[in-house]
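Notes to accompany the following structure.
When a ligand or atom number is given, it counts from 1 through the structure's own listing order. Atom set for the values below is all heavy atoms of this structure, side chains included, hydrogens, waters and symmetry mates excluded.
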Amino acid sequence: MTIRTLIEDFANKLSSLMEGQALDRARLAVESALGVGGRRRGRPPKNATAGAAVAVLGRKKRKKGPKQLCPIPGCKNPAAPVFGMVCAKHKGVPKAQIKKYREARRAKKLKTKK
Ligand SMILES: [Zn+2]
């Protein structure tokens, strides 16, 4: 065995060792990012992950602000922009009528606020 083969052997072992360590480190990084391994900055990892997921989901759902309800009195259905901000049930209601309902609702809201 020459010194060269010895060095090559050593280099091979070292590189495989470092590969293994890199893999371990990558796994640890992923685990800590997911909140699986260990605590991060004193926060409970489970809650942090759930909170982040909720924040992401909430942001996705509430991109256009809080959910609006159909302005028709007594209707509790959510309004959809595709129907002109009324619910699916009242999409046939004339716009002028909806405008009146909307104004009435706004006036009521302002009154209850003050
Ligand atoms: Zn409605």
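- Criterion: ILVMFWY side-chain heavy atoms under 4.5 Å apart, direct or through other members. Under it, Val82 and Val93 are part of a common hydrophobic cluster.
- Taking distances strictly below 2.8 Å, the protein N/O/S atoms close to the Zn ion (ligand 1) are Cys70 SG, Cys75 SG, Cys87 SG, His90 ND1.
- Residues satisfying the side chain to side chain contact (heavy atoms under 4.5 Å, CB included) test with Glu8, not counting sequence neighbours, are Arg4.
- Lys76 approaches Leu69 most closely through the heavy-atom pair O-CD2, 3.7 Å.
- To the nearest 0.5 angstrom, Leu14 atom CG is 12.5 Å from Ile7 atom CD1.
- For Ala104, there are no side chain to side chain contact (heavy atoms under 4.5 Å, CB included) partners at least two apart in sequence or on another chain.
- The side chain to side chain contact (heavy atoms under 4.5 Å, CB included) search around Lys89 returns Asn77, Cys87, not counting sequence neighbours.
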